[in-house]
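For reference, the structure discussed in these notes is given below.
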Amino acid sequence: MPGASRRIHWLSWQPTPYNDSLFRALAADPGLDLLVHYRSPLVDSHPWRSPLAQGYRARFYRLVLGVDWHVVSLTLRERDSFFVIGGWDHPTSQLLLTLLRILGGAYATWCDTPDLARAERGLRARVRAAWLRWIFTGAERVMGTGVPGTAALCRMGAAPVKVTNFPYWIDIGASLARDSRHTRVVRIVSSGRVVNRTKGHDIAVRAIAKVAARTSVPFEYLIAGTGPDEAELKSLIDTLGVPGCVKILGWLEPAQLRELYASAQLLIHPSPVHEPFGVVVIEAMAAGIVVLASDCTIAALDRIESGGNGFIHAAGDVETLAEQILTLL
């Protein structure tokens with residue numbers, strides 16, 4: 001009917017500061033009636049204490065036998081609604097997508113960049129690949145976060161005409177303020193879980209140790225995050241003799257992170273393995289920070305022209321990362 005808003009059911013993992021920005025913007029559109037369905041209020045790896053899921057309507061899964069039957073039932077009760085399903089790794093998403101495809105419902109998928117190099121082999125993998133191609137065929141849009149993500153989705157069988165670049169959404173306005181008072185030393189930062197096998201903070205610390213031995217330019221390296229490898233990383237910092245210029249800050253809330261970015265000049269994101277996106281890269285770039293990231297970080301491959309607006313190094317290449325830091329210092 002004229003003037004009626006379109007009901008949108010959006011399935012997402014958990015509230016985050018960057019998804020909050022997206023959902024608030026969508027909720028402000030009078031033509032949309034948005035309801036976000038979250039799997040969980042929080043996960044252990046991201047224990048935000050700041051209020052999230054504010055400024056739009058949201059609910060959280062209530063699982064029975066591993067499935068949120070409420071959202072699944074909407075495929076029958078709300079045939080005119082549109083569904084956006086973030087990921088397909090949860091039984092609720094899998095069942096919902098299958099029903100929408102069978103019933104001819106309107107839906108889109110949204111995911112970050114799949115790791116095609118780690119694709120499973122065997123019958124299960126072939127069945128999953130065939131199911132995804134079937135799901136992609138029925139979708140209105142198959143959305144990926146960045147050019148590498150959309151390219152991967154095409155390789156997985158999504159029709160290029162349906163594939164859409166729908167990147168992560170951050171609050172640009174909140175990121176633009178620069179703190180000109182911090183001039184004593186060059187401030188280099190990293191942000192992410194202290195898990196060396198996925199985030200590579202140990203790689204950055206080894207590069208920093210090489211830099212400290214080769215320059216007289218005063219600098220500091222601050223790591224925002226917590227995780228199981230914190231003690232191991234502190235031991236490495238002591239062993240390499242750089243405790244004076246390297247500090248682990250622990251967990252920071254979104255406003256604290258923005259303040260850190262506002263005072264920094266460089267950000268290192270040295271993921272040694274496939275990072276499906278890496279929102280920290282675009283948060284740092286929005287704050288005017290030069291980013292040095294590995295070639296396993298999809299956001300870096302999507303946004304950085306190495307040597308132009310940042311630097312990319314081969315994953316695990318300590319020497320190249322050190323040289324890039326020296327160049328910028």
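The shown structure was predicted, so the numbers you read here are calculated from the model rather than taken from an experiment.
Between Asp89 and Arg39 there is a salt bridge, with a side-chain nitrogen of the basic residue lying less than 4.0 Å from a carboxylate oxygen of the acidic one. A salt bridge is absent between Glu140 and Lys162; no separation between the charged side-chain nitrogens and carboxylate oxygens falls under 4.0 Å. A salt bridge links Asp33 with Arg57: the distance from a Lys NZ or Arg NE/NH1/NH2 to an Asp or Glu carboxylate oxygen falls below 4.0 Å. The pair Asp68-Arg62 fails the salt-bridge criterion, with no side-chain N (NZ, NE, NH1 or NH2) lying under 4.0 Å from an Asp/Glu carboxylate O.
With hydrogens and angles left out, the side-chain atoms of Glu253 and Ser50 include a donor and acceptor closer than 3.5 Å. Side-chain atoms of Asp20 and Tyr56 form a donor-acceptor pair, as typed in the model, at a separation below 3.5 Å. Thr98 and Trp131 are linked by a side-chain donor-acceptor pair at a separation below 3.5 angstrom, with hydrogens and angles left out of the test.
Within the 3.5 Å criterion, the main-chain N or O of Ala293 finds no donor-acceptor partner in the side chain of Thr297. Not a single donor-acceptor pair under 3.5 Å links the side chain of Thr92 to the backbone N or O of Val67. Panel note: side chain Arg187, backbone Leu260; no donor-acceptor pair is recorded below 3.5 Å. In this structure a side-chain-to-backbone donor-acceptor pair under 3.5 Å is missing from Thr215 to Ala212. In this structure, the side chain of Arg79 engages the main chain of Leu103 through a donor-acceptor pair within 3.5 Å. A side-chain donor-acceptor contact under 3.5 Å links His274 to the backbone of Thr113.
Interatomic distance, CG of Leu153 versus CE of Met156, reported as 6.0 Å (0.5 Å rounding). Between the OG atom of Ser190 and the CD1 atom of Ile208 there is a distance of 8.0 Å, given to the nearest 0.5 Å.
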Does the side-chain contact (heavy atoms from CB on, under 4.5 Å) test come out yes or no for Ser21 and Ile170, once each step is laid out? CA-CA 6 Å; Ser21 297; Ile170 65 170; 5.7 Å; no
Between Lys199 and Glu275, is a salt bridge (charged side-chain N to carboxylate O under 4.0 Å, His left out) present by the stated rule, with each step listed? CA-CA 8 Å; Lys199 296 301 182 182; Glu275 172 113 20; 2.8 Å; yes
Is there a side-chain contact (heavy atoms from CB on, under 4.5 Å) between Tyr168 and Asp112 once you walk through the steps? CA-CA 9 Å; Tyr168 282 105; Asp112 44 26; 3.4 Å; yes
Worked verdict on Tyr38 versus Tyr61 for ring pair (Phe, Tyr, Trp, His ring centres under 6.0 Å): CA-CA 6 Å; Tyr38 283 117; Tyr61 283 10; 9.1 Å; no
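Nearest heavy-atom pair across Val185 and Gln265 is O-OE1, 4.0 Å.
Under the 4.5 Å side-chain heavy-atom criterion for Ile, Leu, Val, Met, Phe, Trp and Tyr, Leu99 and Val84 are members of distinct hydrophobic clusters. Leu34 and Tyr18 fall within the same hydrophobic cluster, where Ile, Leu, Val, Met, Phe, Trp and Tyr residues are linked whenever their side-chain heavy atoms come under 4.5 Å apart, directly or through other members. Note: the hydrophobic cluster containing Val273 does not contain Val280 (ILVMFWY, side chain heavy atoms under 4.5 Å, direct or indirect links). Linking Ile, Leu, Val, Met, Phe, Trp and Tyr whenever their side-chain heavy atoms come within less than 4.5 Å leaves Phe166 and Val163 in two separate clusters.
For the pairing with His9, the ring-ring contact (aromatic ring centres under 6.0 Å, His included) check across Tyr107, Phe83, Phe82 returns one residue only, Phe83.
Relative orientation of the Trp10 and Trp110 rings is perpendicular, given thresholds of 30° and 60° on the angle between their planes. Using cut-offs of 30° and 60° on the angle between ring planes, the pair Trp251 and Trp48 is perpendicular.
Within the 4.5 Å cutoff, side-chain heavy atoms of Arg77 are placed close to those of Leu74.
Counting only residues at least two apart or in different chains, side chain to side chain donor-acceptor pair (under 3.5 Å) contacts with residues 306-324 comprise Arg214-Glu319, Arg214-Glu323, Asp317-Thr320.
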